[in-house]
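Here is the structure we will look at.
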Amino acid sequence: MTTTLSERVSQSAFDGSMLRVVLLMDLHEGTQQRFFEAYEKLRNDIASVPGHISDQLCQSFENPSQWLITSEWESAPQYLAWVNSEHHAEQVRPLGACARSMRPLKFTVLRETGRGYDQAARPSTARLQSTPRLGAGIVRHALTFTVKPGSEKEVAAILSSYASPAARVDDHTRLCRTSLFMHGNRVVRTVEVQGDLMAALRHVSEQPEVRAVEEAINPYLEQDRDLGDPESARMFFMRAAVPAVHHIAAPEPESAEVQRHAIYYPAKPGCGQALARFLARQDEAAARRSTSPVRSSSIFQRDDIVVRLIDVRGPLKADPETVYGVSGPRKAAVLDRLTLVPGGRTRSPHHTMNLITDRRAPAQS
């Protein structure tokens, strides 16, 4: 049986589909009016964001502390460019201060029914996802932050020595894998979760061993944070989040011969999204070749930070063009145009990050 490319790509922000975003919120007691007023100030700004089509603010019919914000976007990249911006972080700060919990959900639109959808008000560039994507029910996410130069060895020792938290979060959610890498003073932590990502991240943050590690690295961080202050912690992790924008994998079980690597691509200012899109196309082209050593690739992008997490069969040097996403001189020239080379010197446009720890949850019985 032949597995098509569309079946291998289980996640993509670059297929041109419309995006429906749903934000579920549970407010602190007595903050409903303050929350409503904060949203009233925000909604005109949202309406002018490129790619935004519409949004709705809804309050629970049964419970006045439960709220729902839905928004529709022409495409995922336009939404991600806004939600990952520093401007967005400041815009939503008053809303977050009212919330006991927030759960964002993002969906590409496959089908629509109803008279309103036949109207011509929607931009011509917005289209539906053509076919359902397949996958193993895994959600991927990354966090990144920088530490003070000169503290890299101490930070690596702290981050590699803690005990793993329990894999089981609840009946529906489970931690599958956590991989942590460093390049220079930049730390990247990727997680794979089966079930509810937000529940898993909340579960991890509450574990004593993890809290001890987070406190231990606080003195080394370039950006100050106070994990005892919920708002400070929320803003830090919001800014540190690097969402997965593309994932492609071969339809074969994991093998001991496959090794995990992370490659960091520093994009030129304003080129992060174009770089992530370029790498996604190269991964799709490589997937069509049965001899490709890359068995899976996840691309994470926020602003001009792009990280590609790959599982590779055999050594990296065996097929460097495919491994690094630059097959052929023309593609290498494109990559050079999109990446930042400090001081104009000739050097590699990508960096293989150092693996600090790669932890897999034991197989379920």
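Only this structure's heavy atoms are used, side chains among them; waters, hydrogens and symmetry mates stay out. Quantities reported herein were computed from a predicted structural model and do not represent experimental measurements.
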Heavy atoms, side chains only, cut-off 4.5 Å: are [X] and [Y] in contact?
X    : Y    : value
R168 : D171 : yes
Q32  : S65  : yes
R140 : T190 : no
I158 : V155 : no
M353 : V188 : yes
F236 : D226 : no
V21  : T70  : no
R186 : I305 : yes

Report whether [X] and [Y] are members of the same hydrophobic cluster (ILVMFWY, side-chain heavy atoms less than 4.5 Å apart, transitive linking).
X    : Y    : value
L95  : V49  : yes
Y162 : L221 : yes
L309 : I299 : no
L316 : L279 : yes
V109 : V83  : no

| request: Please assess L338 against K268 for the test side chain to side chain contact (heavy atoms under 4.5 Å, CB included), listing each intermediate value before the final yes or no. | output: CA-CA 6 Å; L338 294 173; K268 288 181 179 177; over 6 Å; no
State whether the side chain of [X] and the backbone N or O of [Y] hold a donor-acceptor pair below 3.5 Å, judged by distance alone.
X    : Y    : answer
S232 : D229 : no
T322 : D319 : no
K331 : F278 : no
Y265 : Y324 : yes
D304 : G272 : yes
R302 : A241 : yes
Q301 : D303 : yes
S85  : H88  : yes
H203 : A166 : yes

For residues [X] and [Y], report the shortest heavy-atom separation together with the two atoms involved.
X    : Y    : value
L355 : D358 : CD1-CB, 4.0 Å
M182 : V147 : CE-CG2, 4.5 Å
R239 : E90  : NH2-OE2, 2.8 Å
M25  : I69  : SD-CD1, 4.2 Å
V294 : R308 : CG2-NH2, 4.4 Å
S17  : Q129 : OG-CA, 3.0 Å

| Looking at R133, R127, R277, which one forms a salt bridge (Lys or Arg N to Asp or Glu O under 4.0 Å) with D15? |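 That would be R133; it is the only one of R133, R127, R277 passing the salt bridge (Lys or Arg N to Asp or Glu O under 4.0 Å) with D15.
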First locate atom [atom1] of [X], then atom [atom2] of [Y], and finally report the distance between them rounded to the nearest 0.5 Å.
X    : Y    : atom1 : atom2 : answer
F300 : H141 : CZ    : NE2   : 9.0 Å
M18  : E72  : CE    : CD    : 5.0 Å
R360 : T178 : CZ    : OG1   : 12.0 Å
H183 : I263 : NE2   : CD1   : 12.0 Å
Q11  : I248 : CD    : CD1   : 12.5 Å
F145 : N185 : CZ    : CG    : 10.5 Å

| Just checking, any donor-acceptor pair under 3.5 angstrom between side chains of T291 and R289? |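 There is no such pair (donor and acceptor under 3.5 Å, judged by atom type) between the side chains of T291 and R289.
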| Q78 versus S75, side-chain donor and acceptor atoms under 3.5 Å |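 Note: S75 and Q78 side chains meet the donor-acceptor criterion.
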| Between E214 and R225, does at least one N-O distance fall below 4.0 Å, as a salt bridge requires? |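 Answer for the salt bridge query: yes.
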| message | Tell me whether the count of non-hydrogen atoms from other residues, nucleotides or ligands lying under 6.0 Å of CZ in R93 goes above 12. | response |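 Enclosed.
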| task | Please confirm whether R260 makes a cation-pi placement over F181, using NZ or CZ under 6.0 Å from the six-membered ring centre and within 45° of the ring normal. | result |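 No, R260 and F181 do not form such a contact.
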| query | Among T144, I356, L180, which one satisfies side chain to side chain contact (heavy atoms under 4.5 Å, CB included) with R189? | reply |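 Answer to the side chain to side chain contact (heavy atoms under 4.5 Å, CB included) test with R189 among T144, I356, L180: L180.
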| said: Taking side chain to side chain contact (heavy atoms under 4.5 Å, CB included) as the criterion, tell me which of F35, F36, W67 meets it with Q59. | reply: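 Looking at F35, F36, W67, the match for Q59 under the side chain to side chain contact (heavy atoms under 4.5 Å, CB included) is W67.
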| task | For the pair E284 and H246, evaluate side-chain hydrogen bond (donor to acceptor under 3.5 Å, both in side chains) and give the outcome as yes or no after the intermediate values. | result | CA-CA 10 Å; E284 292 179 7; H246 194 270; 2.8 Å; yes
| said: Run V242 and V306 through side chain to side chain contact (heavy atoms under 4.5 Å, CB included) and show every step you take. | reply: CA-CA 8 Å; V242 189; V306 181; over 6 Å; no
| field | Candidate pair L201 and V191, rule side chain to side chain contact (heavy atoms under 4.5 Å, CB included), full reasoning | value | CA-CA 9 Å; L201 295 179; V191 296; 4.3 Å; yes
| Would I310 and V323 satisfy side chain to side chain contact (heavy atoms under 4.5 Å, CB included), going step by step from the backbone distance to the final call? | CA-CA 8 Å; I310 54 175; V323 166; 3.7 Å; yes
If you look only at distance, which donor and acceptor atoms sit under 3.5 Å apart when one is on a side chain in residues 99-107 and the other is two or more places apart or in another chain?
unit_1	atom_1	unit_2	atom_2	d
R100	NH1	D26	OD2	3.2
R100	NH1	L27	O	3.0
R103	NE	D196	OD2	3.4

